Amino acid sequence: MYRPGHSLQWSIRITGCCLSVLYLTMSAAAVAVDIAPAIAPATKQNQIALQPELAAHLNGAPVYRLTLDVLTQMAQLEKPKTRSTDILDSIINNRLLTDKTRSQFTDEELQASRRVAFEPDVVLDNQLSGYLRTVYRKDLEASISKLPGGKLDALIQEQGKLGEDELNSVFGARNRVILDYTLGTAQQAAAAQVTVLRCNFAAATTTISLYDVFRRQNVQGRVEFFNRNRDFIRQQAQLYLANLYVLDWARLRFGEAALRDLRQAVAEQNSVRAIKSLHGIGADTDSESRLLNQLAAEVKPKEVSAYFRSHKEEFKRIVSVRSRHIRLDNEAQARQVAELARQGSNFASLAQRYSTAADARQGGDMGMIVHNGQLSWLEQLAYMQEPGKVSAPIRAAVAPDEKAHWEIVLVEQRNDGYQDPASEEVRYQASRALAQEKAIRQLSVLQTQLRKNARIDVNKTVLTN
């Protein structure tokens, strides 16, 4: 049951703090592509100066000052010297790029792991309210203090009972086997009829349904709903209420259009981050991307050869090693012997004296190990060691019915070489690297062209630095 003593003011502070930290790395400065020229001089400066709520016009559409102020302050938390001119540049870059590339990528490519993570609009709501909490914390606290009791609890007009029959109508019987923690169409409709909270905002009464709260969960949260964790459900509803209050406060203070513009800018940050990743920016060459796959398939053999010649060190490999080892059945003794070897005792002599392996008489000599295919566990261990450095005792990988033992390895010689230029491994690595380079160049050229063709008018009176 809902406990009146549990303050939503505390919830909004805690949630705001967590969300602020979570999304600091998603600041506008962090997602700027940084390949476009500086903002063009304003050609409608006088007209825009008469609209103090605007920061710029981009191809005739407004960019609001709220967007610039919030994203600048968020970026400055991470990098205090960030300039508002840089953030406005990022906002414009992101908007142009998102508009241009929206039709080139699917929602699945731009949105990650929706089945296990949060829905994109939920992520966006949380980011938006988190940014507003961080930038306007004192103003929000002052607003809450004017509510009866100085708490968001005052907005709650009714608590839903969340009875067993209601929950069963949504989640089914408790004893059924659950393989997928999602709701079908009929279940969604049933959940929408279950009231968790009814709240009275300044403009209207708002009902928070079970479905409203459920769809804001990741897979771990959904499990709690299916488990009928009523305390968790009510807590999540309260956090959602806190989000709604922040957004309602911002809407009343700055206007619907300004808040919508900020939401769009935050969404564009997320889209540009995904677009950059799909072009190989900030991702490794093995990252799955339809664009990179296509470009890699177009790479010619002569390009692979040229890449190999100019990046030969990337294809360096160990050809063979000459190694010795000491096998011991006791870990404590293995540590003592390893320490003797590190202090300068002859490794071969130690092997002859202490090793329980069949090659102890030969000083634990493993010979020259050439990597021509499958290596044993011990040979793999030798390949992992630095030449001339005595390894720590390593417990061997043995079957459950085999006696445990520890290995000490010393690589006396390592011979390096290069992968075969005609090998599939070289072709794959080179084609992926070349695809990444081409994709990044394409994105750079595109954004430069977009900036060149855009009509950008800036209200310089809102640029503080």
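All figures in this text were calculated on a predicted structure; none of them were measured in a lab.
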So that I can tick it off, tell me whether [Y] and [X] are bridged by a salt bridge, with the cut-off set at under 4.0 angstrom between side-chain N and carboxylate O.
{"X": "Arg230", "Y": "Glu164", "answer": "yes"}
{"X": "Arg65", "Y": "Glu53", "answer": "no"}
{"X": "Glu141", "Y": "Lys138", "answer": "no"}
{"X": "Glu339", "Y": "Arg335", "answer": "no"}
{"X": "Arg455", "Y": "Asp457", "answer": "yes"}
{"X": "Arg451", "Y": "Asp89", "answer": "yes"}

Considering only heavy atoms from C-beta outward, does the side chain of [X] approach that of [Y] to under 4.5 Å?
{"X": "Arg83", "Y": "Ile87", "answer": "no"}
{"X": "Leu378", "Y": "Val409", "answer": "yes"}
{"X": "Asn270", "Y": "Leu124", "answer": "yes"}
{"X": "Val70", "Y": "Leu128", "answer": "no"}
{"X": "Gln51", "Y": "Asn459", "answer": "no"}
{"X": "Arg215", "Y": "Glu119", "answer": "yes"}
{"X": "Thr207", "Y": "Asp212", "answer": "no"}
{"X": "Cys199", "Y": "Ile208", "answer": "yes"}

If only atom types and distance count, is the side chain of [X] paired as donor or acceptor with the main-chain N or O of [Y] below 3.5 Å?
{"X": "Glu166", "Y": "Gly163", "value": "yes"}
{"X": "Gln217", "Y": "Val213", "value": "yes"}
{"X": "Gln157", "Y": "Arg198", "value": "no"}
{"X": "Ser90", "Y": "Asp86", "value": "yes"}
{"X": "Gln76", "Y": "Thr82", "value": "yes"}
{"X": "Gln188", "Y": "Leu183", "value": "yes"}

Going by salt bridge (Lys or Arg N to Asp or Glu O under 4.0 Å), name the residues that satisfy it together with [X], two or more places apart in sequence or in a different chain.
{"X": "Arg317", "answer": "none"}
{"X": "Arg290", "answer": "Glu109"}
{"X": "Arg228", "answer": "none"}
{"X": "Glu379", "answer": "none"}

Can a donor-acceptor pair be found between the side chains of [X] and [Y] at a distance below 3.5 Å?
{"X": "Tyr245", "Y": "Ser143", "result": "yes"}
{"X": "Glu268", "Y": "Gln264", "result": "yes"}
{"X": "Asn229", "Y": "Arg234", "result": "no"}
{"X": "Asn93", "Y": "Gln447", "result": "yes"}
{"X": "Asn126", "Y": "Asn243", "result": "yes"}
{"X": "Asn227", "Y": "Arg222", "result": "no"}
{"X": "Thr72", "Y": "Asp69", "result": "no"}
{"X": "Asp153", "Y": "Gln238", "result": "no"}

Can you measure from [atom1] ([X]) to [atom2] ([Y]) and round to the nearest 0.5 angstrom?
{"X": "Tyr383", "Y": "Leu375", "atom1": "OH", "atom2": "CG", "result": "6.0 Å"}
{"X": "Gln187", "Y": "Tyr211", "atom1": "CD", "atom2": "OH", "result": "11.0 Å"}
{"X": "Leu443", "Y": "Lys276", "atom1": "CG", "atom2": "NZ", "result": "8.5 Å"}
{"X": "Ile456", "Y": "Leu58", "atom1": "CD1", "atom2": "CG", "result": "6.0 Å"}
{"X": "Ser129", "Y": "Asp248", "atom1": "OG", "atom2": "CG", "result": "13.0 Å"}
{"X": "Arg273", "Y": "Ile281", "atom1": "CZ", "atom2": "CD1", "result": "12.5 Å"}

**Prompt:** Excluding sequence neighbours, so at least two apart, what forms ring pair (Phe, Tyr, Trp, His ring centres under 6.0 Å) with Phe214?
**Reply:** Phe225

**Request:** Any salt bridge (Lys or Arg N to Asp or Glu O under 4.0 Å) involving residues 437-448? Give me the pairs, sequence neighbours left out, ordered by first then second residue.
**Result:** Glu303-Lys438

For [X], give me all partners under side chain to side chain contact (heavy atoms under 4.5 Å, CB included), at least two apart in sequence or on another chain.
{"X": "Gln336", "answer": "none"}
{"X": "Ile394", "answer": "Trp377, Leu381"}
{"X": "Gln104", "answer": "Thr101"}
{"X": "Gln294", "answer": "Glu298"}

**Prompt:** Got a sec, which pairs hit ring-ring contact (aromatic ring centres under 6.0 Å, His included) with one end in residues 68-96, sequence neighbours left out?
**Reply:** none

**Item:** Pairs flagged by ring-ring contact (aromatic ring centres under 6.0 Å, His included) wherever residues 148-181 is involved - sequence neighbours left out
**Value:** Phe171-Phe226, Tyr181-Phe226

**Asked** Should the pair Phe315 and Tyr307 be assigned to parallel (<30°), tilted (30 to 60°) or perpendicular (>60°) ring geometry?
**Response** perpendicular

**Request:** Measure up the Trp249 and Phe254 rings against each other and bin them: parallel (under 30°), tilted (30 to 60°), perpendicular (over 60°).
**Result:** perpendicular

**Item:** Glu424 CD: over 12 foreign heavy atoms closer than 6.0 Å
**Value:** yes

**Full working for salt bridge (Lys or Arg N to Asp or Glu O under 4.0 Å) between Arg95 and Asp261** = CA-CA 11 Å; Arg95 191 150 296 180; Asp261 184 67; 2.8 Å; yes

